[in-house]
Amino acid sequence: SEQNIVNVSKDLEKLRLGKRYGRGKTESGLTHECGVFGCIAVGDWPTTLEISQIICWGLVALQHRGQESAGIVTSEGKCVKSFNVCKGMGLINNIFDDQAISRLRGNLGIGHTRYSTSAASEEVNCQPFVVHTAHGALAVAHNGELVNCDSLRKMVLGRGVGLSTHSDSELITQALCLNPPEDESNGPDWPARIKHLMQLAPLSYSLVIMLRDKIYAVRDPYGNRPLCLGKILPVNEPLDGDCDDSREAEGWVVSSESCGFLSIGAQYVREVFPGEIIEMTKEGIKTINIVGRPPDKNQAFCIFEYVYFARNDSIFEGQMVYAVRLQCGRQLAIEHPVEADIVSSVPESGTAAAHGFSRQSGISFAEVLCKNRYVGRSFIQPSNRLRQLAVAKKFGALGENVRGKRIILIDDSIVRGNTIGPIIKLLRNAGAKEVHIRIASPPLLFPCYMGINIPTREELIANKLTPKELAQHVGADTLQYLSVEGLTKAVKWDIKTKSPTKIGHCTACLTGEYPGGVPVQLEW
């Protein structure tokens with residue numbers, strides 16, 4: 001019932017506030033936890049591939065997934081005791097200069113770029129995490145957030161293992177070091193340990209796990225967080241078209257998104273399947289196991305990857321993110337038409353959907369906002385005046401396109417509602433006759449506890465105001481959202497796999513229906 005959903009939401013907020021106390025707050029918008037990347041050379045070692053540089057470039061392509069900290073860990077494949085490590089706070093290009101890259105020698109490595117959701121923004125929480133076990137060094141990079149972290153933390157601490165941070169990722173690393181239920185008479189059985197972890201914690205993660213001479217790529221059984229494979233080909237080989245197994249690989253990469261593959265000379269192969277454990281060695285890659293989910297549960301890929309987080313040129317479920325956003329715009333025009341002179345967008349988040357709206361409605365697209373690319377994130381400001389100026393300084397209005405015009409302005413989402421009001425005021429000051437806001441996603445109503453920093457229920461503006469009230473509040477003539485059904489329809493419009501048992505999307509932040517149930521907060 002609706003009341004049960006409200007009670008569930010309140011319980012989740014208490015849980016999230018306790019777990020995430022002290023992390024950085026942003027003044028508007030959403031933030032994703034992080035991006036992971038791994039690379040291994042194929043054939044004889046030492047390799048001629050610049051592994052650390054490839055990982056660095058791969059992380060640069062994932063920078064939109066996290067801007068607080070980053071790290072790279074490499075292995076030469078010989079020493080079981082230690083890895084080469086470089087981690088730090090800030091943007092990737094500021095952390096990994098030529099000197100740092102030269103020290104990261106190796107034939108394989110993993111990397112991570114982070115925005116904190118489950119621990120504070122401090123250097124101690126930078127990933128990948130490295131631990132030294134009785135069987136050698138182990139490095140782990142994690143994207144997501146464990147639904148049952150409380151019970152897993154209690155289990156790990158109960159086994160006598162100390163934890164130095166509140167990060168889920170350290171918890172995963174230490175849990176892997178615990179012996180699985182099966183006997184290990186011939187040394188550590190890492191696939192069995194990974195499988196055991198996945199059974200203990202079914203949601204939510206994509207992992208890259210590095211040992212001395214191999215990498216394991218792991219995706220949770222619900223497929224909630226993205227992870228895909230790429231094949232590094234010789235420099236002169238074409239990278240377009242479907243992956244051809246007959247073409248010999250120089251190396252393999254695994255990444256949260258495929259958007260950086262072309263820039264590192266890699267061809268997109270496929271997504272890691274939900275529950276799949278892939279072993280990557282110098283001989284190649286192979287599937288070790290696929291851990292299932294309960295038979296009554298569907299796949300639950302985060303639908304907001306399409307709406308907000310992923311880069312336009314990434315591929316999910318056989319379709320490009322840009323094409324889905326374009327279709328969201330078309331669907332939005334079908335559901336909420338309005339008479340106007342031009343269609344435009346809040347750059348660059350709403351641009352693809354705005355083009356879709358324009359094509360469907362027949363109203364021409366024109367830019368009305370010019371974005372200042374050198375303004376950083378708008379943090380919480382002490383006064384309403386400063387908050388509005390912090391948003392307005394990001395944009396300038398293109399007066400000739402705006403003056404006397406009825407404008408349909410498309411954005412991808414509204415979270416707290418702090419951003420759109422100053423933008424509308426900017427357009428009106430530039431002479432806009434009417435401003436109609438259209439949002440290419442449904443109202444955000446519920447918090448997320450699977451790796452996305454969606455605020456508490458009280459902070460979400462859609463829980464306070466109806467679309468009509470919100471339009472009045474922000475100064476728009478009208479404001480409408482895409483429906484949940486419309487978003488789902490747009491996402492599935494060109495999806496390659498039509499089988500309902502093989503596709504499914506998490507809409508918990510829109511509907512309150514959480515794929516793995518509600519986490520239980522333990523008192524201990």
Side-chain angles (χ1 to χ4, degrees), residues 8 10-24 33-34 36 68-69 71 87 112 114-134 138-181 188 190 192-209 216 218-222 224-225 291 293 447-454 456 508 514-524:
V8 164
K10 289 179 178 177
D11 290 341
L12 286 174
E13 285 160 27
K14 292 177 186 175
L15 203 154
R16 294 172 79 251
L17 286 172
K19 182 179 178 185
R20 299 179 177 185
Y21 179 78
R23 66 169 183 201
E33 184 174 3
C34 35
V36 299
E68 288 189 355
S69 66
K87 299 192 283 186
H112 187 271
R114 179 175 187 267
Y115 175 83
S116 58
T117 57
S118 63
S121 178
E122 300 168 350
E123 191 154 355
V124 68
N125 291 312
C126 294
Q127 296 186 46
F129 274 106
V130 178
V131 295
H132 299 275
T133 76
L138 171 76
V140 175
H142 166 227
N143 169 28
E145 188 172 353
L146 296 181
V147 170
N148 64 332
C149 67
D150 237 12
S151 59
L152 192 61
R153 181 176 292 271
K154 185 177 181 181
M155 184 203 77
V156 169
L157 293 173
R159 298 282 290 271
V161 176
L163 296 169
S164 60
T165 74
H166 290 286
S167 168
D168 288 354
S169 309
E170 186 198 16
L171 185 59
I172 289 169
T173 307
Q174 294 291 3
L176 286 170
C177 295
L178 301 176
N179 290 332
W190 290 109
R193 292 182 181 214
I194 294 168
K195 180 181 178 182
H196 182 51
L197 170 70
M198 295 172 75
Q199 291 167 337
L200 291 172
L203 276 164
S204 156
Y205 47 84
S206 287
L207 303 171
V208 284
I209 302 165
Y216 289 102
V218 182
R219 194 175 179 199
D220 73 61
Y222 288 80
N224 185 253
R225 302 264 64 84
V291 178
R293 56 186 177 269
C448 174
Y449 58 92
M450 288 173 285
I452 295 171
N453 175 23
I454 292 180
T456 59
Y514 295 90
V518 181
V520 178
Q521 187 173 23
L522 301 180
E523 300 294 338
W524 52 281

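H112 contributes a side-chain N or O that, together with a main-chain N or O of H142, makes up a donor-acceptor pair within less than 3.5 Å. Checked by atom type and distance alone, the side chain of E170 never pairs as donor or acceptor with a backbone atom of L163 at under 3.5 Å.
Rounded to the nearest 0.5 angstrom, I194 CD1 and I209 CD1 are separated by 4.0 Å. Note that OH of Y205 and CG of D168 are 12.0 Å apart. Values are rounded to the nearest 0.5 Å. Expressed to the nearest 0.5 Å, how far NE2 of H132 lies from SG of C177 amounts to 10.5 Å. To the nearest 0.5 Å, atoms CZ (R159) and CD (Q174) are separated by 12.0 Å.
The residue from N148, N224, L146 that alone fulfils the side chain to side chain contact (heavy atoms under 4.5 Å, CB included) condition with L203 is N224. With V156 as the partner, the side chain to side chain contact (heavy atoms under 4.5 Å, CB included) test is satisfied by one option alone out of I172, L200, V161: V161.
Put simply, the side chain of R114 does not reach to within 4.5 Å of the side chain of S169, judged on heavy atoms. For the pair S206 and R219, the minimum side-chain heavy-atom distance is below 4.5 Å. Between C34 and N143, some side-chain heavy-atom pair lies under the 4.5 Å cut-off.
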Audit row: Y514, V147, side chain to side chain contact (heavy atoms under 4.5 Å, CB included) steps and yes/no: CA-CA 10 Å; Y514 295 90; V147 170; over 6 Å; no

Steps toward side chain to side chain contact (heavy atoms under 4.5 Å, CB included) verdict (L152, L197): CA-CA 9 Å; L152 192 61; L197 170 70; 4.2 Å; yes

Full working for side chain to side chain contact (heavy atoms under 4.5 Å, CB included) between L207 and V36: CA-CA 7 Å; L207 303 171; V36 299; over 6 Å; no

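Minimum heavy-atom separation, D220 to P202: CB-O, 3.4 Å. Nearest approach of E145 to I452, heavy atoms of both residues: OE1-N, 4.5 Å. Contact detail for M450 and R225: the closest heavy-atom pair is O-NH1, 2.8 Å. The minimum heavy-atom distance linking P221 with M198 is given by the pair CD-CE, 4.2 Å.
Around the NZ atom of K195, the shell of radius 6.0 Å holds no more than 12 heavy atoms that belong to other residues, nucleotides or ligands.
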